[in-house]
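Convention: sequence-line order gives letters A, B, ...; per-chain numbering from 1. Being a predicted model, the structure only gives us computed values, none of them experimental.
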There are 2 protein chains.
Amino acid sequence: MLNQSAHLDRTFHALADPARRAMVERLSHSPATVSDLARPLSMSLPAVLQHLMVLENAGLVATRKQGRVRTCEIAPAALAPLEAWIAARRAEWEQRFDALASYLDGLQRQGDPDA
Amino acid sequence: MLNQSAHLDRTFHALADPARRAMVERLSHSPATVSDLARPLSMSLPAVLQHLMVLENAGLVATRKQGRVRTCEIAPAALAPLEAWIAARRAEWEQRFDALASYLDGLQRQGDPDA
DNA sequence: GTGATAGTTAGGCACATGCTTAACCAATCG
DNA sequence: CGATTGGTTAAGCATGTGCCTAACTATCAC
């Protein structure tokens with residue numbers, strides 16, 4: 001749990017690129033090799049490798065090499081902190097919204113005690 | 001819904017920075033002025049302005065100026081597409097997991113028809 | 001062995017990002 | 001009015017990002 005912020009940095013950043021999201025989408029469907037990932041991407045293999053490293057570094061993708069083929073698989077757990085962060089924000093602003101609602105409700109009761 | 005990808009780019013990128021996340025966290029609690037946002041951030045005001053523009057551009061924050069004070073407020077709806085994207089990925093890999101499970105289940109039934 | 005295949009490393013270029021300081025504008029205060 | 005406060009703009013710099021090509025390594029097929 002320590003240095004959570006750096007992990008959020010890496011994960012949000014990893015997903016802030018359409019090519020990397022496409023790779024994650026592809027891997028959500030099934031594991032794939034590096035060339036599989038590269039084929040639909042209209043960019044050189046080294047570029048794909050770099051994106052892959054970003055994803056791996058963020059913990060979003062796990063890879064292992066057997067023979068001369070590297071197989072990539074998604075690592076779903078890495079998305080949990082993102083969801084947790086977003087959920088925490090929603091909790092905060094909903095709490096604020098509730099507070100406003102009950103404040104307005106209180107005003108209304110004051111102005112109209114018989115309601 | 002068109003060019004959804006560019007919006008995901010901007011939103012993920014906006015959140016991939018601790019200062020910007022801190023601003024969003026602050027604003028999830030209550031609206032604030034630019035100086036309010038800057039105070040805890042140990043960086044110059046122009047730097048804060050730039051971060052604020054990134055957040056505004058991603059639709060995460062809305063601001064309006066009255067007199068010489070700019071007030072910033074969070075715009076919760078901008079997070080929905082992120083959650084939708086993450087949920088879609090989970091749906092995909094869970095489906096894959098279910099398929100694997102039923103495949104293994106089928107194998108087991110084949111090997112042990114009386115079970 | 002030869003050659004093809006899958007991936008990797010190195011170097012470099014163009015542009016984006018994150019920050020700074022200095023100068024500036026505009027609303028308010030006294 | 002002049003001074004202060006809150007914010008904005010401009011310019012510049014250091015570093016990071018995303019891509020490329022060229023060269024290389026390691027496996028596999030024959």
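Computed from coordinates, the L52(A) CG to dG18(D) C1' distance equals 15 Å when rounded to whole Å. Nucleotide dG16(D) holds its C1' atom 14 Å from the CG atom of D9(A), rounded to whole Å. A straight line from CG of L45(B) to C1' of dT5(D) spans 11 Å, rounded to a whole angstrom. Between the P atom of dT17(C) and the CE atom of M43(B) lies a distance of 16 Å, rounded to the nearest Å. When the P atom of dG18(D) is taken as reference, atom CZ of R21(A) falls 12 Å away, rounded to whole Å. When rounded to the nearest whole Å, the span between CZ of R20(B) and C1' of dC19(C) equals 12 Å. The separation between L49(B) atom CG and dC19(C) atom P is 13 Å, rounded to whole Å. What separates CG of D36(B) from C1' of dG6(D) is a distance of 11 Å, to the nearest Å.
You'll find that the side chain of H13(B) is closest to dT17(C), out of dT17(C), dT8(C), dA6(C). Residue K65(A) places its side chain closer to dT8(C) than to any other of dT8(C), dG18(D), dT8(D). The side chain of P46(B) sits closest to dT8(D) out of dA10(C), dC19(C), dT8(D).
Judged by closest nucleotide on DNA chain C, R70(A) is the one of R70(A) and Q50(A) placed further toward the 5' end. Judged by closest nucleotide on DNA chain D, S42(A) is the one of S42(A) and Q66(A) placed further toward the 5' end.
Cation-pi check for R89(A) over W85(A) is met; the charged atom lies under 6.0 angstrom from the ring centroid and within 45 degrees of its normal.
For the residue pair A58(B) and A78(B), the shortest heavy atom distance occurs at O-CB, 3.9 Å. Closest approach of Q4(A) to P81(A), counting heavy atoms only: NE2-CB, 4.3 Å.
Looking at L60(B), V48(B), V54(B) one by one, the single match for side chain to side chain contact (heavy atoms under 4.5 Å, CB included) with M23(B) turns out to be V48(B).
Within the nucleic acid shown, A47(B) comes within 4.0 Å of at least one base atom, counting heavy atoms only.
OP1 or OP2 of dT20(C) lies within a sub-4.0 Å distance of a side-chain N or O belonging to S44(B).
Judged by distance alone, with hydrogens and angles left aside, R68(A) brings no side-chain donor or acceptor close enough to the base of dA6(C) to form a pair under 3.5 Å.
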Open item on the list: Apply side chain to side chain contact (heavy atoms under 4.5 Å, CB included) to residues V34(A) and T63(A) and explain how you reach the verdict.
Closed with: CA-CA 9 Å; V34(A) 174; T63(A) 79; over 6 Å; no
